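All figures in this text were calculated on a predicted structure; none of them were measured in a lab.
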Amino acid sequence: MTSTNAVALRVAAFLALVGFYLLTAPDYHVTAIDSYFFARVIESEAYGTAPLRLFLWVTSMQALHDAVSVWVPNVDAFTVVGVANAVQTALAVLLIERLLSVHFQLDAKASWATAGLFAVSYGTWRYATETEVYANSAFLSCLLLLLSFRLGAYHDATPRRVVVLALIGAVFSLFYQPIGILAGAAIPFYLLIKHAFRTAATYMGTFCLAVAVGILSLRFWRSLALPGQTQQFLDTDNKVPHLPSLADMKLTVLAFGQNIMSANWMFAFGPTRAELPNFPIEFVATEHPHWSYWVFVPTLVLAAALLLRSLAVALRHGPTTDAGAEEACVLVYFLIYAAMVLSLHSDGFEAWLPSLVPLTLLAGTRLIGPIYAAGHRVMVPAILAVFLVHNWFAGVALFAWADQNYNDRGQYFIEQTKQGDLIVMGTD
């Protein structure tokens, strides 16, 4: 493929992905409580008042909203952030394909197929337009990996390149703290494996200094807007690190798996709700079972069969490339992040979302690549089709078709209210 055709393919894929996410974006935000909080801050609060933990991300969304408002009066934060996140998610998909094809030496079809699986995984799709930080996190993580691997390809990387990479890693970590695991642990490990000891030392020194200066600067900026109010930069929502019990591991598996294939349909049925009454996952947006929930029966069976078959093929054929420093970097990133989530919020669906990037890259090298190399080229498109159907009908569509959507059903009452009215809401 010529360079011109490659660029044209990427542009077409980018536009198709952005359109896909925007066309399937639900208006329903009730289950994502943080989204309303972020939207209020972005639309109504002054600069400097954003939560310290996501200070840079929220503040950048405030600036974007204000800029768009100049051209589109009365635009709401959900629309602005939704479009921005759709763009960032599409870019993350393209970066994953680029990482796999260039730095993991995967076949073009295998790298595109793997990126496609990431694109329609439930965690990616669900938050591609939500007013949350996860689309930004995926994009920044992929970009930082790409920049790091490019630096690692230079045997005589100049100190300037190293310092710039460290500063970028520090800024990205300030946008979303878990990226600090990649920037502050996995990337230095990668440089050490490459025997770039002086480069690793320069990188870590610059990174640590930049993060420290950044935290102090953000705390000072926030204190100017909110005098007397303090907040921890590394906020764990008052969770104390601990290992999950064996009984809790089933919830961990469900939360982790929810990022790949939606489990929202489970909570439409009484027996499931009774079995998992306090599971902190996204509850379905409808009061009664919808016909689309039953799609999960054939899609789950197909997914299980295809996964088992895929594992058998991949194990029999073996990896197409030797495990290199890049794969080791991604593996360390995944393992350290998984250890953090297991000790703080093992049953949290959102907590596992950032693990999708390293998991996808590892799946590309150890599962998808070998399948294509073995000649089973129909298997991966079949998996992609199952993901697409399941995560729409048993996942995203539940929010898009929600007949209990407060945004729609409550519109009439909102239009009838006036200043001073008291609105009372209840549940049964």
Close side-chain approach of [X] and [Y], heavy atoms under 4.5 Å:
| X | Y | answer |
| --- | --- | --- |
| Leu167 | Val163 | yes |
| Phe20 | Leu388 | yes |
| Pro370 | Val313 | no |
| Trp57 | Val81 | yes |
| Tyr190 | Tyr203 | no |
| Thr252 | Met249 | yes |
| His390 | Val295 | no |
| Val133 | Phe175 | no |

Shortest non-hydrogen contact from [X] to [Y]?
| X | Y | result |
| --- | --- | --- |
| Thr360 | Phe118 | OG1-CD1, 3.4 Å |
| Ala397 | Phe393 | CB-CA, 4.2 Å |
| Phe55 | Ala50 | CD1-O, 3.4 Å |
| Gly364 | Leu106 | O-CD2, 3.2 Å |
| Leu144 | Ala183 | CD2-CB, 3.8 Å |
| Val87 | Val18 | CA-CG2, 4.0 Å |

Starting at [atom1] of [X], measure out to [atom2] of [Y] and round the result to the nearest 0.5 Å.
| X | Y | atom1 | atom2 | value |
| --- | --- | --- | --- | --- |
| Ile383 | Thr114 | CD1 | OG1 | 10.0 Å |
| Leu151 | Leu146 | CG | CG | 11.5 Å |
| Tyr127 | Tyr21 | OH | OH | 15.0 Å |
| Gln258 | Leu254 | CD | CG | 6.5 Å |
| Tyr372 | Arg377 | OH | CZ | 7.0 Å |
| Tyr176 | Glu132 | OH | CD | 8.0 Å |

Got more than 12 heavy atoms from elsewhere within 6.0 Å of CZ, Arg316?
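Atom CZ in Arg316 is packed in, count exceeds 12.
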Please say whether more than 12 non-hydrogen atoms of neighbouring residues, nucleotides or ligands are located less than 6.0 Å from CZ in Arg198.
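Result for CZ/Arg198: open.
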Under 3.5 Å, sequence neighbours excluded: what are the donor-acceptor pairs made by side chains of residues 89-104?
| unit_1 | atom_1 | unit_2 | atom_2 | d |
| --- | --- | --- | --- | --- |
| Thr89 | OG1 | Asn85 | O | 2.8 |
| Glu97 | OE1 | Arg10 | NH1 | 3.0 |
| Glu97 | OE1 | Arg10 | NH2 | 2.6 |
| Glu97 | OE2 | Ser101 | OG | 3.4 |
| Glu97 | OE2 | Ser111 | OG | 3.0 |
| Ser101 | OG | Glu97 | O | 3.0 |
| Ser101 | OG | Arg98 | O | 3.3 |

For the side chain of [X] and the backbone of [Y], is there at least one donor-acceptor N/O pair under 3.5 Å apart?
| X | Y | result |
| --- | --- | --- |
| Trp352 | Ala338 | no |
| Thr299 | Phe296 | yes |
| His317 | Ile371 | no |
| Thr124 | Val120 | no |

Could you tell me if the ring centre of Phe38 sits under 6.0 Å from that of Phe78?
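Between Phe78 and Phe38, which both carry aromatic rings, the centre distance is not below 6.0 Å.
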Is the Trp221 to Tyr47 ring centre distance short of 6.0 Å?
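Trp221 vs Tyr47: aromatic centres not under 6.0 Å.
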One pair to check against side chain to side chain contact (heavy atoms under 4.5 Å, CB included): Gln62 and Val41. What are the steps and the verdict?
CA-CA 8 Å; Gln62 284 180 298; Val41 174; 4.1 Å; yes
Ala351: which residues meet the side chain to side chain contact (heavy atoms under 4.5 Å, CB included) condition with it, sequence neighbours left out?
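For Ala351, the residues satisfying side chain to side chain contact (heavy atoms under 4.5 Å, CB included) (neighbours in sequence not counted) are Val341, His345.
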Can you check side chain to side chain contact (heavy atoms under 4.5 Å, CB included) on Tyr122 and Val396, steps first, answer last?
CA-CA 8 Å; Tyr122 181 69; Val396 178; 3.9 Å; yes
Mind checking whether Tyr337 and Tyr333 have parallel, tilted or perpendicular rings, split at 30° and 60°?
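Perpendicular.
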Quiz question: by atom type and distance under 3.5 Å, do the side chains of Thr24 and Trp125 form a donor-acceptor pair?
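Yes, side-chain donor-acceptor contact under 3.5 Å.
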If we count only N and O atoms by modelled type, under 3.5 Å, do the side chains of Tyr134 and Glu350 hold a donor and an acceptor together?
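Tyr134 vs Glu350: donor-acceptor pair found between side chains.
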Would you sort out whether Leu145 and Phe149 count as a side chain to side chain contact (heavy atoms under 4.5 Å, CB included), showing the intermediate values?
CA-CA 6 Å; Leu145 281 169; Phe149 294 162; 3.8 Å; yes
Working for side chain to side chain contact (heavy atoms under 4.5 Å, CB included), residues Leu165 and Ser148:
CA-CA 7 Å; Leu165 178 65; Ser148 301; 3.8 Å; yes
